[in-house]
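Before any comments, here is the structure.
Quick note: numbers below take in every heavy atom, side chains included, and nothing from hydrogens, waters or symmetry partners.
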Amino acid sequence: MKKQSVYVILAIFLMTQLGFAATAADYALISGTISIPEVSIKEITIYKAEDGKPVVAATTKTSASGEFGFMLPITTPGFYYIDYGQYKKRGQLLRFYLEPKLDISLAITEKKYVLSGKNIGQNALVQKANEIYNDFAAFNALGKNITYKDFYPFIDGGLAKAETFKKTINTKDQTFNKLLKLAVTTDVQDQSYVFFMMPRSVHPEKDNRPAVMQQWKTDIKFTDPDLLKLANGVGFMSDYFMYMRMFGDKETDRLEYLPEAITGISDPALKDAYLRDGIERSGFRTEEYEKVAPKIRPYLISEASKAFLVEYEKKLHKNVGQKGFEFTYKDVNDKAVSFSDFKGKYIYVDLWATWCGPCKHEIPHMKKLEEDYHTKNIVFISLSLDKMKDLQKWKDFVKTEDLKGIQLMADKDFESDIAKNYDVRSIPRFLLFDKEGKIINTDAMRPSEPELREELDKLLKV
């Protein structure tokens, strides 16, 4: 397929999908060929940097002869990364700085790529930065018996080459200059940390580290939010703190690792992104997370992190035997009441609302249940999912109907954390927990069902 044909097909496809929402001037074009002996590359993916991690921007199939093409809408110039499977082997880095109107051609082989095209922008400089990355990453390639005896003679010269190159980054685009210099620094330091965490046949003594890495231990302070514009930005922070945990001056307890790490991050956006990634990869058990969460949740400030926490905590708490979701809501007297306040008692939660007919049908049965089990080791919580604009309506309803037990109101109706945590989409919904606050059933029987009493009697050994 000729290059012109690739562009025509891509243009037709994009205009169809986007409804002519943008002009060709808003796009960057990348086309080329890939040829690696004895390897069939059928698919190529291009990633963009988002919150310090790689996010898929587009994927394309290659032709039988290895041709491919991308036509990418570019709203903000930045780094993009082409992957055909080489990352798993720490092969060559294919990173590009994409802007609107670029027209780039590539000829990719196993160990290098030839860059050409009508408008390659700043990518000749980026290619040189990629080569520096490749120099360092080669020492972390899997399957090669490389040790510190190979790496140590290289590192000083490799770092000197990187510093010399950074001095040549002096285009008219100051934003690009700053970002590429940051990328080079991140690449060489990150790959240096990774070196010591890879399996090796021979390892140096703990104190036998290159002098420059000893200096980095005190120099590095994560202050620049532009790190999140690099696909390895979060990875760099994670590798640094892992290195410090493994080879630092003191051992760090597993539950103190994340809270202690963020003391070395001053920028709020960096803290947010690092913690989100750290929690995701932590493998915390529910009990462990509950100990760590109060120390780190205040720093998870972005909407992405808030959404992540809802889903993460939902998975932690939804299963039988898992700890119940820790909520705090106010009662009719505006007193804060928490789930953990009732540890040592069985807990039966009724999620309802004043506008819900089926919920109101259960109220007489709930009142009778509370009356009959008043002296038993169980607490009944009625938790309203009314909207906050109906707060007074709810308070009046509780008083008029003389509702007993613990009466609470959630803060965001069906968008409240408890509703999201237990995936509540309709009410009434009933939840049952044991004396340790662990889930027995998150879709428990209703007060009007006789079988509920049988279950409670068995639990309470009545």
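Judged by distance alone, the side chain of Arg200 and the main-chain N or O of Ile146 form a donor-acceptor pair under 3.5 Å. Between the Asp386 side chain and the Thr354 main chain, a donor and an acceptor come within less than 3.5 Å of each other. Between the side chain of Asp341 and the backbone N or O of Ser338 there is at least one donor-acceptor pair closer than 3.5 Å. No donor-acceptor pair closer than 3.5 Å links the side chain of Arg429 to the backbone N or O of Arg425. With Asp51 contributing its side chain and Ala273 its backbone, the two residues share no donor-acceptor pair below 3.5 Å. Between the Asp150 side chain and the Thr147 main chain, a donor and an acceptor come within less than 3.5 Å of each other. Arg254 places no side-chain N or O within donor-acceptor distance of the main-chain N or O of Glu288, the cut-off being under 3.5 Å. Side chain of Asn140 to main chain of Gln191: a donor-acceptor pair is present (N/O by atom type, distance under 3.5 Å, no hydrogens or angles). With Asp103 contributing its side chain and Gly117 its backbone, the two residues share no donor-acceptor pair below 3.5 Å. In terms of modelled atom types and a separation under 3.5 Å, the side chain of Asp272 and the main chain of Ser302 share a donor-acceptor contact.
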List the steps, then state whether ring pair (Phe, Tyr, Trp, His ring centres under 6.0 Å) holds for Trp216 with Tyr240.
CA-CA 10 Å; Trp216 290 346; Tyr240 168 76; 9.4 Å; no

### Task
Please report the C-alpha distance between Lys128 and Glu131 in whole Å, then the side-chain angles of each, then the deciding distance to 0.1 Å, and finally whether the salt bridge (charged side-chain N to carboxylate O under 4.0 Å, His left out) criterion is met.
CA-CA 5 Å; Lys128 292 181 179 179; Glu131 291 169 358; over 6 Å; no

*So Lys53 and Glu280, salt bridge (charged side-chain N to carboxylate O under 4.0 Å, His left out) or not? Walk me through it.*
CA-CA 13 Å; Lys53 300 178 73 172; Glu280 189 172 20; 3.8 Å; yes

**Asked** Is there a ring pair (Phe, Tyr, Trp, His ring centres under 6.0 Å) between Phe433 and Phe339 once you walk through the steps?
**Response** CA-CA 10 Å; Phe433 304 89; Phe339 177 80; 4.9 Å; yes

_Applying ring pair (Phe, Tyr, Trp, His ring centres under 6.0 Å) to Tyr274 and Phe236, what does each step give before you reach the verdict?_
CA-CA 10 Å; Tyr274 169 76; Phe236 174 37; over 10 Å; no

Criterion ring pair (Phe, Tyr, Trp, His ring centres under 6.0 Å) on Tyr152 and Phe195, from CA distance to verdict: CA-CA 11 Å; Tyr152 283 16; Phe195 177 85; 7.1 Å; no

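Side-chain contact check for Glu326 and Ser340: at least one donor-acceptor pair (N or O, by modelled atom type) lies under 3.5 Å. A donor-acceptor contact closer than 3.5 angstrom is absent between the side chains of Ser266 and Lys271. Side-chain polar atoms of Asp411 and Ser416 form a donor-acceptor pair below 3.5 angstrom. Side-chain contact check for Asp267 and Thr223: no donor-acceptor pair (N or O, by modelled atom type) lies under 3.5 Å.
Using a 4.0 Å cut-off between charged nitrogen and carboxylate oxygen, Arg245 and Asp253 do not count as a salt-bridge pair. Between Glu313 and Arg297 a salt bridge is recorded (basic side-chain N to carboxylate O distance below 4.0 Å). Under a 4.0 Å N-O distance rule, the pair Glu256/Lys295 qualifies as a salt bridge. Contact check on Lys178 versus Asp224 returns a salt bridge, with a Lys/Arg side-chain nitrogen under 4.0 Å from an Asp/Glu carboxylate oxygen. The residues Asp226 and Lys229 are annotated as salt-bridged, a charged nitrogen and a carboxylate oxygen being separated by less than 4.0 angstrom.
Summarising the local packing, NZ of Lys330 is surrounded by 12 or fewer heavy atoms from other residues, nucleotides or ligands at distances under 6.0 Å. Remark: Tyr299 OH is loosely packed, at most 12 non-hydrogen atoms of other residues, nucleotides or ligands lying under 6.0 Å away. The number of heavy-atom neighbours closer than 6.0 Å to NZ of Lys387, taken from other residues, nucleotides and ligands shown, is 12 or below.
Not less than 6.0 angstrom separates the ring centroid of Tyr80 from the ring centroid of Tyr97. Under the 6.0 Å cut-off for aromatic ring centres, Phe154 and Phe136 qualify, their centroids lying closer than that. Not less than 6.0 angstrom separates the ring centroid of Phe327 from the ring centroid of Tyr422.
Nearest heavy atoms, Leu385 versus Ala410: CD2-CB, 3.8 Å. The shortest heavy-atom contact between Gly324 and Glu290 is O-OE2, 4.1 Å. Closest heavy-atom contact between Lys181 and Lys166: CE-O, 3.3 Å. Residue Thr442 comes nearest to Leu431 through the heavy atom pair O-CD2, 3.1 Å, listed as atom of the first residue, atom of the second, then distance.
By the 4.5 Å heavy-atom criterion applied to side chains, Glu260 and Phe241 are not counted as neighbours. Between Ile262 and Leu275, some side-chain heavy-atom pair lies under the 4.5 Å cut-off.
For the pairing with Arg95, the side-chain hydrogen bond (donor to acceptor under 3.5 Å, both in side chains) check across Asp187, Asn123, Asn232 returns one residue only, Asp187.
Between Trp355 and Phe414, the ring planes lie tilted relative to each other; the angle falls in the 30° to 60° range.
Remark: Arg446 fails to qualify as a cation-pi partner of Phe430 under the 6.0 Å distance and 45° angle criteria applied to the six-membered ring.
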